[in-house]
**Q** 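Below you will find the structure I want to go over with you.
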Amino acid sequence: MKIDEVRSKYLRFFEKRKHIIIESAPLILKDDPSTLFTSSGMQPLLPYFLGKKHMGGARLANSQKCFRAEDIEEIGDNRHTTFFEMLGNWSFGDYFKKEQIEWLFEFLTNEVKLNPEKLYITVFAGDKKSGIPRDIESVKIWKNIFEKKDIKIKDQEILNEENGGKIGMRGGRIFYYDAKYNWWSRNGAPDKMPQDEPGGPDSEVFYDFGEYIHNKKFGEHCHPNCECGRFMEIGNSVFMEYIKQKDGSFGRLPAKNVDFGGGLERITAASNDDNDIFNIDIISSIIKKIEEISGRIYADNKKEFRIITDHIRASVFIIASGITPSNTKQGYILRRLIRRAIRFSDKLDISQGHLSDISKIAISQYNKIYPKLNENKEKIVEEINKEEKKFRKTIKKGLIEFEKISGKENISGDNAFILFTTYGFPIEMTIELAEEKNLSVDKNEFDKKMKEHKELSRIGAEQKFKGGLIDAGEMSVKYHTATHLLLRALKDTLGEGVRQKGSNITQERLRLDFSWEKKMTDEQKQKVEDLINEKIKSAIDVTKEEMPIEEAKKQNIVGEFEDKYGDIVTVYRIGNYSIELCGGPHIRNTAELGYFKIKKEESVSSGIRRIKAVLE
Ligand code: SER
């Protein structure tokens, strides 16, 4: 099957079972500072596990764009990709284990037509430490399903990391595993979860690519969680009913929920009974392009092809989300992806400028489902080319330098630092290069150097910035909140018809363009300042709230609306004074703003005025 076919079959299947199909949330969640990227379908839905009501109801499904940065250096095997789509269905206090397991089996065997003989199941063995019992119920449901298909089930074995490889499967089909494998929360095992984090036991489905010969490097025997590649996890049903409490014990969530996530690319690979996910339609068209450009064959250079394919595909989605390569946060991850793709494209003698040709294939392949990629095509191509040009200038010399310093010695933090600052080698790349030579890198010393380096540049920046010790980001946030106050005060002074026409914020001032025909009088300007300074003095809390876009429209909330059904938008309120649709960020209380002063009021074009103002 093709990826589009599996995706749409899944969505239609759950739609028929009364699920509302929601859009994929963005790859970068504006309001979730806990993570750089969306890495599972449930992440944007967290509030609804905690009890909030979703406007779509208690049954939702989608295909979510995901990115997992922790896998970057692991890419190269048959089944891992940093970017992937996660098929998800959720029940918030509606159906539970029986429906979930039966529907999943029905989808996999009737719709995707997987042979039930090739499906293997894992279930939570229980966890004494956290007092969570073994999931006997899920085993019963699975057993019943398989027996209806005349597949005999013997008693369940309990496997874990140690004994899995030692004793193997011994003819079993359903296995209990401990919390390391069969418990899901955003933080992993129960003991890793912070207070108020939801989690639950899960049941995973594995597809057996049987012809694959077990590699004993991974253990004497193979079993579903063996790393050899014979089994591939294709779906995970999490039974979210627990929440970590203050004292470390587990309480119950307001309802018993289901959080299912299945790798779209993996399910597609299983549908073709081919355990290399790089062979599925969309991905293999990128592989073909690399074959064409390099004149090499995928079968002979799998690792290099997989890395380039994965990293460029992921970069395309990240750039389309508004990120450009940099040395911090998402920009740094993007930089690592592109630079690592360059290093491996060098091995195939792919010359400069071709990575963006590869990106064009990814863009066109996903065009139907994610038109945003094509809309951003020029930018994607430009950013990849720019980053490539930049790194190509130093990579050759950097590699020569690396050879010099890595004779027989481990790499010192100092040298890793030079490789980063002079040659642009992300530390992860230096570590990877060192590992290829069985050397290590002094990461602690590198981190220390980086910290010193950052402190030095911060001191430099502070000197340039006359606002004193205030961090630049913080100042912009203040101006952002002040802009909301200004718009409201302008409406109070000039009339409700005033509309925002543009805004620009720096660390030194705010600038707001708005609709108004005439020059403002001194009295009007004074009134605006007074209104704002009064609100600052009153120390009003700034609060944030999420609501369906339809609701925000109904309430006539100010802001830019994109016409999407069912979207949840963020609304910021400054007490009862200002209310605006906005992505944030904002300060917590107006008292943080200081004193508001208009510096200039001028005309921009006919019917549009501009105010520049400062906080003193
Ligand atoms: N949240 C679970 C996962 O990421 C299932 O959706 O695997």
Side-chain angles (χ1 to χ4, degrees), residues 6-7 10-11 13-14 19 21-25 27 29 32 34-50 54 58-71 74 79-97 99-101 103-105 107-108 121-124 135 138 177 179-190 192-194 197-207 224-225 231-244 253 255-267 270 277:
V6 176
R7 190 195 296 106
Y10 176 81
L11 297 177
F13 182 88
F14 281 95
H19 288 65
I21 309 304
I22 55 171
E23 282 207 42
S24 169
L27 202 48
L29 294 172
D32 185 353
S34 67
T35 163
L36 292 178
F37 295 96
T38 305
S39 61
S40 65
M42 68 78 74
Q43 217 175 302
L45 298 170
L46 195 73
Y48 310 102
F49 289 100
L50 301 174
H54 194 286
R59 296 182 182 193
L60 306 178
N62 82 354
S63 180
Q64 174 64 46
K65 302 189 282 275
C66 295
F67 177 81
R68 292 193 174 170
E70 60 272 25
D71 290 337
E74 306 302 320
R79 61 195 183 284
H80 285 99
T81 54
T82 53
F83 172 86
F84 60 99
E85 281 179 74
M86 189 183 275
L87 298 176
N89 62 270
W90 297 278
S91 153
F92 302 112
D94 190 331
Y95 59 86
F96 204 45
K97 295 182 181 177
E99 292 88 336
Q100 170 57 27
I101 292 174
W103 283 340
L104 176 58
F105 183 83
F107 170 70
L108 291 174
I121 310 300
T122 66
V123 179
F124 182 59
D135 186 4
S138 292
Y177 279 88
K180 175 171 189 268
Y181 294 102
N182 282 86
W183 173 274
W184 200 89
S185 82
R186 294 185 305 167
N187 313 81
K192 301 230 167 60
M193 291 164 63
E197 183 66 30
D202 67 43
S203 175
E204 301 187 345
V205 179
F206 288 79
Y207 186 81
N225 277 304
F231 289 100
M232 201 188 283
E233 183 212 324
I234 55 170
N236 181 15
S237 304
V238 186
F239 304 114
M240 280 276 182
E241 54 170 321
Y242 295 100
I243 182 162
K244 185 99 167 230
L253 285 167
K256 291 181 170 189
N257 310 299
V258 173
D259 160 31
F260 171 78
L264 171 62
E265 293 84 349
R266 289 181 173 198
I267 296 175
I277 72 166

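Ligands are counted one by one from 1 in listed order, and the atoms in each one are counted from 1 as well. We number each residue from 1, following the sequence as shown.
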**Q** Is the F92 ring parallel, tilted or perpendicular to the H54 ring (thresholds 30°, 60°)?
**A**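 The arrangement is parallel - the two ring planes meet at less than 30°.
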**Q** Identify the residue among W103, F105, F260, F107 that makes a ring-ring contact (aromatic ring centres under 6.0 Å, His included) with F13.
**A**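 Passing option: F107.
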**Q** Among all residues two or more places apart in sequence or in another chain, which pass the side-chain contact (heavy atoms from CB on, under 4.5 Å) test with L264?
**A**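 I3, V6, R7, S63, E85, L87, T268.
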**Q** Judged by modelled atom types alone, do E197 and S185 share a side-chain donor-acceptor pair under 3.5 Å?
**A** no
**Q** Verify whether one side chain among N89 and Y10 offers a donor that lies under 3.5 Å from an acceptor in the other.
**A** yes
**Q** Relative to each other, are the rings of Y95 and H19 parallel, tilted or perpendicular (30° and 60° limits)?
**A** tilted
**Q** List, ordered by chain and residue number, the protein residues whose closest non-hydrogen atom lies under 4.0 Å from any atom of ligand 1.
**A**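 If the criterion is a heavy atom under 4.0 Å, then ligand 1 touches S40, M42, R68, M86, W184, N236, V238, D259, F260, G261.
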